[in-house]
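A short worksheet on the structure shown next.
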Amino acid sequence: MDAITPGPLAPEVLDRDDLRAALIEHDFAGVFALVKKWGGLSQNRIGAACQLTPGKVSTIISGSQRVTSFDVMCRIADGLRIPGHLLGLAPRPWEHQQIQRPQLQPQLQPQPLPALPDGRADPDEIPWRSDATVDLATDLTRSDLVMDRRAVTRALAGAAVTGAALLDSLEGWLQPAAALPAPARRGRLGMREMDELEITARAFRHWDHQYGGGLRRKAVLGQLSEIAGALDDHQAPAVETRLYRIMAQLAGTAATMAWDSGLHRRAQEYYRLALRSSHAGDDPVFGANVLAGMARQMLYRDRPDDALQLIQLAQEGARDVVGPRVRAMLHTREAWAYAAQGRIVGFERATAKAADALATAGPDEEEPYWIAYFDDAELAGVTGGRRLDLARQDPRRHAERAAAEIRSALSSRGTEAGRSHALDRIGLAECRYLVGDVAGGAEETHRAVAAARLTQSGRVRTQLGQLYPYTVGHSASRTVRGARDSIRDLLSS
C-alpha cells in the first residue's frame, strides 16, 4: 500500500482512545507520532498523503511547529482518511462517495492556453479575428455546460497561466482587429433585443457582486452560449457591435464566478474571452476593466510582476478614453501590485493618484454602469485591504491605518455590498489580531462569519480560513474558542 491509497489507517488504529483524544484537541504532534507507531506510516508516507514535506511533518512531531491552518487540517483528514467528526469537521466528501484512487499533483506546471481544433482560426493569431472569438465562446460554454463532477475536479486542479504564456496571448489587445469579408446574409436581431440582453447582463453582474459564484454560473453560461450563436449567424453591424459588448460583460461575469468557485484556469479563459469580445466590440474601456480583473487574479496567486504588466497593458490600451472612476480603479490595482512587491513608496504614490482621479468624478460623469460601484467607500476598502497586506509584515506601522480605512468602507456601503462587506469584516478582524487585540479580533470574527454566511463566495471562505490560525492557542478564552468554532463550522458546511 502506498502513501496515497485511500484508508491508510486500519480501523483499530482510528479506534484508539489516545489517537481520538489527540484528534479532538488538534494535537497533530501526537496524532502523527501515534500514526507512525501504530499505523506503520513513515514521515515520508504521512507527508505524501497529506501533501506536506517530510521536514514539515518532522517539525510538527517535534512540537516546534503547530498546525493552525484550517486548510492543512483538512488535508490531513483527507490524506489519512480520518472521518470529519473526529476532528470536529463536517463529514468529508469521500465519506459519502465510492473511494477512488486520487492522482496527486503537488506542483502543477502552467501550460500555454489551448488552441482551438484545426480548421478554424487560431485564437492566439495576431491581429485578432472576431470569428475566432465566437468559436472560443462556443467551445468554452459547451464544455462548461456539460461538465460533470469529475471534470469539475480536474478543472479545480488546473493551474493558472502566468508569465510570458499569459502576457503574449494578450498582445492582440493593442492592435486593430483583422478585417473579415462581409457575410452573404445577416441575422434578424434588432435594437430592442439588444436592450433586453443588456438588462440581463446587468442582472447577472449584480448577482455576482452580491452573492458570488455558484449555481447562478450556469445561467450566465447559457446566456453567453446564446449570444455566441447569434454572432455566428452574423447581424447588422450596429447590432453585432452591441452583441460583442454584451458578450464581453457576460464573459467577465463568468470569469469572476468561475474564480469564486475555485476554477482559476477556467476563469482566465473567460477573462481572455471577455477581452477579445471587448476588442471586437470596440470597447477599450471595458477591456481595461477585464485586464484589471486578470491582474487581481494574479495578485491573489502571488504574481505581482504579472499583475503590474497587465495593469500597464490596460492603461496603454485605454489611456485616452477611460473616465476618472476607471482610471482610479486601475491605479488601485497598480498600488496593490506595488504593495505585494514591498514597494511602499510606489504604493503610496499610486494610491494618491487613485484618490485624485476619483475626486474629479462628478455625479453627472458619463461612465459605464459597471464602474458605478467604485466610489469613496470602495477606494477605502481596497486601500485598507492593501494596507492590511503590508501590516502582515509590519503590524506596528500599518495595522491601525488599515483598520481605519476598512471601517470607513464598512460605514459607507453596508451589508448590501455582499461579498465586499464580508471581506471588509474579515480584514477588520485580522487587523485586531495583528495589533495583539485577541478579544477584539474574536468579536470581529463573529461579525465576519455572520457576513460570510450571506454569500456563496469561495473567495470569502478562503479569506475567512486565514483568520483561523489567529484563534489557535487561546482555548482558555471562551470568546476566542467560540470564534474558532464559528469559522470551523462555516468552512465545514
Hey, does the side chain of [X] reach the backbone of [Y] with a donor-acceptor pair shorter than 3.5 angstrom?
X: Ser457; Y: Arg459; value: yes
X: His26; Y: Leu87; value: yes
X: Gln223; Y: Thr200; value: no
X: His331; Y: Ala357; value: no
X: Thr383; Y: Ala380; value: no
X: Arg20; Y: Leu14; value: yes

Once you round to the nearest 0.5 Å, how far does [atom1] of [X] lie from [atom2] of [Y]?
X: Asp424; Y: Leu410; atom1: CG; atom2: CG; value: 4.5 Å
X: Arg481; Y: Ser486; atom1: CZ; atom2: OG; value: 12.5 Å
X: Asp260; Y: Thr455; atom1: CG; atom2: OG1; value: 6.5 Å
X: Ser62; Y: Ile60; atom1: OG; atom2: CD1; value: 9.0 Å
X: Asp283; Y: Ile246; atom1: CG; atom2: CD1; value: 11.0 Å
X: Tyr470; Y: Arg432; atom1: OH; atom2: CZ; value: 12.5 Å

Quick check: closest heavy atoms across [X] and [Y], and the distance to 0.1 Å?
X: Ala165; Y: Val161; result: CB-CG1, 3.7 Å
X: Arg66; Y: Val472; result: NH2-CG1, 3.8 Å
X: His446; Y: Thr479; result: NE2-O, 3.8 Å
X: Ala377; Y: Ser412; result: CB-CB, 3.4 Å
X: Gln297; Y: Ala267; result: NE2-CB, 3.8 Å
X: Ile311; Y: Leu330; result: CG2-O, 3.8 Å

Give the intermediate values and the outcome of side chain to side chain contact (heavy atoms under 4.5 Å, CB included) for residues Leu291 and Leu170.
CA-CA 9 Å; Leu291 286 165; Leu170 306 178; 4.0 Å; yes

Please evaluate residues Leu174 and Leu313 with respect to the criterion side chain to side chain contact (heavy atoms under 4.5 Å, CB included), reporting the C-alpha separation (whole Å), side-chain torsions for both, the decisive distance (0.1 Å), and the verdict.
CA-CA 8 Å; Leu174 297 177; Leu313 191 64; 3.5 Å; yes

One thing to verify: whether [Y] and [X] come together as a salt bridge, which I'm taking to mean a side-chain N less than 4.0 angstrom from a carboxylate O.
X: Arg266; Y: Glu269; answer: yes
X: Arg245; Y: Glu198; answer: no
X: Asp485; Y: Arg488; answer: yes
X: Glu348; Y: Arg387; answer: yes
X: Arg301; Y: Asp306; answer: no
X: Asp389; Y: Arg386; answer: yes

Asp78, CG atom: more than 12 neighbouring heavy atoms under 6.0 Å
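Result for CG/Asp78: enclosed.
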
Is it true that atom CZ of Arg401 has more than 12 heavy atoms of other residues, nucleotides or ligands lying nearer than 6.0 Å?
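Open: at most 12 neighbouring heavy atoms sit under 6.0 Å from CZ of Arg401.
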
Which pairs pass salt bridge (Lys or Arg N to Asp or Glu O under 4.0 Å) with one or both residues in residues 440-458, sequence neighbours excluded?
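Counting only pairs at least two positions apart or across chains, the salt bridge (Lys or Arg N to Asp or Glu O under 4.0 Å) contacts touching residues 440-458 are Arg425-Glu444, Glu444-Arg447.
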
Is there a side-chain contact between [X] and [Y], using heavy atoms and a 4.5 Å cut-off?
X: Val449; Y: Leu467; value: no
X: Leu434; Y: Leu388; value: yes
X: Val285; Y: Ile371; value: no
X: Cys431; Y: Ile406; value: yes
X: Met294; Y: Arg333; value: no
X: Ile61; Y: Lys36; value: yes
X: Arg397; Y: Ile344; value: yes
X: Val31; Y: Leu19; value: yes

Regarding Tyr433 and Thr445, do their side chains bring together a donor and an acceptor under 3.5 Å, going by distance alone?
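The answer is yes; a qualifying pair exists.
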
Walk me through whether Arg327 and Thr360 qualify under side chain to side chain contact (heavy atoms under 4.5 Å, CB included).
CA-CA 11 Å; Arg327 189 162 62 252; Thr360 66; 4.2 Å; yes

With Met298, the side-chain contact (heavy atoms from CB on, under 4.5 Å) member among Asp305, Leu166, Leu308
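Output: one option passes, namely Leu166.
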
Does the pair Gln249 and Tyr369 meet the rule for a side-chain hydrogen bond (donor to acceptor under 3.5 Å, both in side chains), with working shown?
CA-CA 11 Å; Gln249 293 178 31; Tyr369 79 89; 2.6 Å; yes

For the ring pair (Phe, Tyr, Trp, His ring centres under 6.0 Å) test, which of Trp370, Trp173, Tyr271 pairs with Phe286?
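Testing each of Trp370, Trp173, Tyr271 against Phe286, the sole residue satisfying ring pair (Phe, Tyr, Trp, His ring centres under 6.0 Å) is Trp370.
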
Determine the sole option in Asp144, Thr141, Thr253, Thr256 for which the side-chain hydrogen bond (donor to acceptor under 3.5 Å, both in side chains) test with Tyr270 is passed.
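Filter result, single survivor: Asp144.
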
Please lay out, stage by stage, how His421 and Leu454 fare under the test side chain to side chain contact (heavy atoms under 4.5 Å, CB included).
CA-CA 10 Å; His421 176 77; Leu454 301 178; over 6 Å; no

